[in-house]
Enquirer: 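Have a look at this one.
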Amino acid sequence: MDLQTFNQIAELGKLTFSDTERDELLSDMTEIIDIMDTVKNADLVYDPLKDNKNVFINELRKDNAEPSFPTAKILQNARNMNNCFVVPKVVE
Amino acid sequence: MNLTELSLRQMRSALDKKEITSAELTQSYLDNIAKTDAKIESYVTVCDEAAMKQAAAAQERINAGEVSPLTGIPLAIKDNICTEGVRTTCASRMLENFIPPYNATVMEKLNAENAVMLGKTSMDEFAMGSTTQTAYEKKTKNPYDLGKVPGGSSGGSAAAVSANLAPAALGSDTGGSIRQPSSFCGVTGLKPTYARVSRYGLIAFASSLDQIGPIARSAEDCGYLLNSISGFDPHDGTSMRRAVPDFTSKCGQGVKGLKVALPKEFFEDGATEFVRGTVLSAAEKLKEMGAELVECSMPALKYAVPAYFLISSAEAASNLARFDGIKYGHRSEKGSTYGELIMNSRSEGFGREVKRRIMLGNYALSSGYYDAYYGKACALRQEIREEYNKIFETADVILTPTAPRTAFGINENITDPKMIYYSDICTVTVNIASLPAISTTCGYDESGMPVGMSVIGKMWDEETIIGAVDAFEKTFTRIPAKGVC
């Protein structure tokens, strides 16, 4: 994996790395992708029709409005103020 | 009576006959934890006071004669299963202080029976690993040898059962995370059929592969616990509305006439000669007991590890996108913009292995790589399912090693991706194909470390694999862990 690809993938994953971490992970990723590359040798093509036989038919709940968790309980694990999540200023 | 050596059924009987109380039983396990867990580090959180309160409530129910199978029985719970009001860390800095506002469905089921929760057990961070050494807080040791890993990711649950710090525990299995640590720690672990047990409240790793299951001292105990946690859940759209049988119904019936398939690839290059020989000896033992051995093949096994890591990492990258440091989880003190706050929170909160998987998942799903990696992995998933279906045309169950080797040293090179990822080769196909499988001990190596074998079943046929392993266990002498004696 080249550095440009690495940086693009890190941006997608919302991750940042120190130079040391980046060098270590870049080396790991190169080794990991070598392992993953072996799937390219399999002479197979994904057939979406086949999967229909294996996929369970989901039994979904009816879309009825029901009481949810109390706001205070949901906020107990977050920095919050006036019953709202606190985030850095987004709009000036 | 040694309370910490009773089976779950024996506990039920002793509690119902008032020979023991739930408080005595719970306290005996808490005493063991206090005495030895500083060395093993199997628990992230021990719920001493809450457990004794639960035991008292359970005793009232027992005294009133209104018992359920697990009333008053203490259990350990893996720390990726949400427990209302009790810290659930997923062994990550990201969730170091997370207190769930709700219970996982399996916890609701256990609470409805007045089971007692001893505490939350350690694991690999976000269940990504095979050693329990990627845990942020408690890097669990193997009770058979404190210098060796307990396996993972449910290493805390397996070690706790192995060291008599819990009679049984819940784990989760995405690519072998119940079976491999059970093998390394000399206990029995069952990965149920996908959709058998609700995943609601299980912190997601790879949603098409994750499944909660039991770890215990015997196949019968695994079945006993599975009876209480299975069933359809309206909160989990992938759980199956299907009758829950008595999973212990085939215990005590033996294996006469059972067709046991041995896929040759599982016994080739990957496994050590000792593991191979020990599992094949177990197969011969089953034959002596009346089973019929069937030779078979699974050619796609050579692609199973990369296919598994591509699918699971792609799903993990999506599932872990929710951790932004704002709604819950670790929040960085650095970052003056919304984007910086999220980036810094995630970078500080996740450990190295989790970051590797997020990177791999996003890479596999990226434009230009998707068909070559994720698309091919999905094709392999279909192929592996078909190969299993073919084997089950002529066999009732499949026997394989659980892991290619016995537990390895904590100081070995456990960050090497190739070594770590290929240690899952014997287990990942079961998750890929959504099948049930159970691991039990079938021997010990020259260092006294347990060797595990896995019995894989047809979808929804946990009874047969539990029955087969129960028959084997009744002929096998288990050697208890000595590392903490």
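Order of the sequence lines sets the chain letters (A, B, ...), proteins ahead of strands, with each chain counted from 1. Keep in mind that what you see is a predicted model, and the values were worked out from it rather than measured.
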Enquirer: What part of Ala377(B) lies closer than 4.5 angstrom to a heavy atom of chain A: side chain, backbone, both or neither?
Expert: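 Interface part for Ala377(B): neither.
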Enquirer: Pick one of side chain, backbone, both or neither for Phe6(A), based on which atoms fall under 4.5 Å of a heavy atom in chain B.
Expert: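 The answer is both parts of Phe6(A).
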Enquirer: With no hydrogens and no angle check, is any side-chain donor or acceptor of Lys50(A) less than 3.5 Å from a backbone partner on Gln382(B)?
Expert: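 Pair absent, no side-chain N/O of Lys50(A) close to backbone of Gln382(B).
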Enquirer: Let me know if Asn41(A) has heavy atoms under 4.5 Å from chain B in its side chain, its backbone, both or neither.
Expert: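 For Asn41(A), the contact with chain B is made by backbone and side chain together.
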Enquirer: Counting only heavy atoms closer than 4.5 Å, note whether Leu25(A) contacts chain B via side chain, backbone, both or neither.
Expert: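 The side chain, not the backbone.
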Enquirer: Counting only non-hydrogen atoms closer than 4.5 Å, does Glu11(A) touch chain B with its backbone (N, CA, C, O), its side chain (CB onward), both, or neither?
Expert: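 Backbone plus side chain of Glu11(A), per the 4.5 Å heavy-atom cut-off to chain B.
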Enquirer: Can you tell me which portion of Val45(A) sits under 4.5 Å from chain B's heavy atoms? Options are side chain, backbone, both or neither.
Expert: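 The answer is the backbone of Val45(A).
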Enquirer: What is the minimum heavy-atom distance between Pro88(A) and Gly335(B), and which atoms define it?
Expert: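 Result for this residue pair: CG-O, 4.5 Å.
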Enquirer: Contact part of Leu341(B) toward chain A, heavy-atom cut-off under 4.5 Å: side chain, backbone, both or neither?
Expert: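 Just the side chain, heavy atoms under 4.5 Å.
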Enquirer: Would you call Glu84(B) and Lys73(A) a salt bridge, taking side-chain N to carboxylate O under 4.0 Å as the test?
Expert: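 So Glu84(B) pairs with Lys73(A) through a salt bridge.
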Enquirer: Looking at Asp28(A) and Arg352(B), is any side-chain nitrogen of the basic one under 4.0 Å from a carboxylate oxygen of the acidic one?
Expert: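 Salt bridge: yes.
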Enquirer: What are the residues of residues 77-86 of chain A, in order of number, with any heavy atom under 4.5 angstrom from a heavy atom of chain B?
Expert: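 Those residues of residues 77-86 of chain A which have a heavy atom under 4.5 Å from chain B are Asn77(A), Ala78(A), Arg79(A), Phe85(A), Val86(A).
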Enquirer: Need one label for Met36(A): side chain, backbone, both or neither, based on atoms under 4.5 Å from any heavy atom in chain B.
Expert: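 When you check distances to chain B, atoms from both the backbone and side chain of Met36(A) fall under 4.5 Å.
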Enquirer: Do the side chains of Tyr421(B) and Glu31(A) get nearer than 4.5 Å, heavy atoms only?
Expert: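 No. Closest side-chain heavy atoms not under 4.5 Å.
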Enquirer: Working to the nearest 0.5 angstrom, can you tell me the gap between Lys14(A) NZ and Ser347(B) OG?
Expert: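 That separation rounds to 11.0 Å.
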Enquirer: In terms of heavy-atom pairs under 4.5 Å with chain A, which of Lys355(B), Glu383(B), Glu340(B) leads?
Expert: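 The residue among Lys355(B), Glu383(B), Glu340(B) with the greatest pair count is Lys355(B).
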Enquirer: If you compare all heavy atoms of Ile9(A) against all heavy atoms of Tyr363(B), which two are closest, and at what distance to 0.1 Å?
Expert: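 Minimum heavy-atom separation between Ile9(A) and Tyr363(B): CD1-CA, 3.6 Å.
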Enquirer: Enumerate the ring-ring contact (aromatic ring centres under 6.0 Å, His included) contacts for residues 20-49 of chain A, please, sequence neighbours excluded, ordered by first and then second residue.
Expert: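 For residues 20-49 of chain A: none.
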Enquirer: Using atom types as modelled and distance alone, determine if a side-chain donor or acceptor of Arg61(A) lies under 3.5 Å from a backbone N or O of Gly237(B).
Expert: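 No; judged by distance alone, with no hydrogens or angles, the pair does not exist.
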Enquirer: At a 4.5 Å cut-off on heavy atoms, which part of Asp236(B) comes close to chain A: side chain, backbone, both, or neither?
Expert: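 No part of it gets close to chain A.
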Enquirer: Between Ser336(B) and chain A, with a heavy-atom cut-off of 4.5 Å, which part of the residue counts as in contact: side chain, backbone, both or neither?
Expert: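 Interface part for Ser336(B): backbone (N, CA, C, O).
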Enquirer: Go through the atoms of Tyr369(B) and report whether side chain, backbone, both or neither lie under 4.5 Å from a heavy atom of chain A.
Expert: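 For Tyr369(B), the contact with chain A is made by the side chain alone.
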Enquirer: Rounded to the nearest 0.5 Å, what separates atom CD1 in Ile358(B) from atom CG in Leu12(A)?
Expert: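 If we round to the nearest 0.5 Å, Ile358(B):CD1 and Leu12(A):CG are 11.5 Å apart.
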Enquirer: Of the backbone (N, CA, C, O) and the side chain (C-beta and beyond), which part of Glu386(B) lies under 4.5 Å from a heavy atom of chain A, both, or neither?
Expert: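 For Glu386(B), the side chain is the part near chain A, not the backbone.
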Enquirer: Counting distance only, does the side-chain N/O of Lys376(B) pair as donor-acceptor with the main-chain N or O of Leu44(A) below 3.5 Å?
Expert: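 Checked: pair present.
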Enquirer: From Ile342(B) CD1 over to Leu15(A) CG, what is the distance, rounded to the nearest 0.5 angstrom?
Expert: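 Between Ile342(B) CD1 and Leu15(A) CG, I get 12.0 Å after rounding to 0.5 Å.
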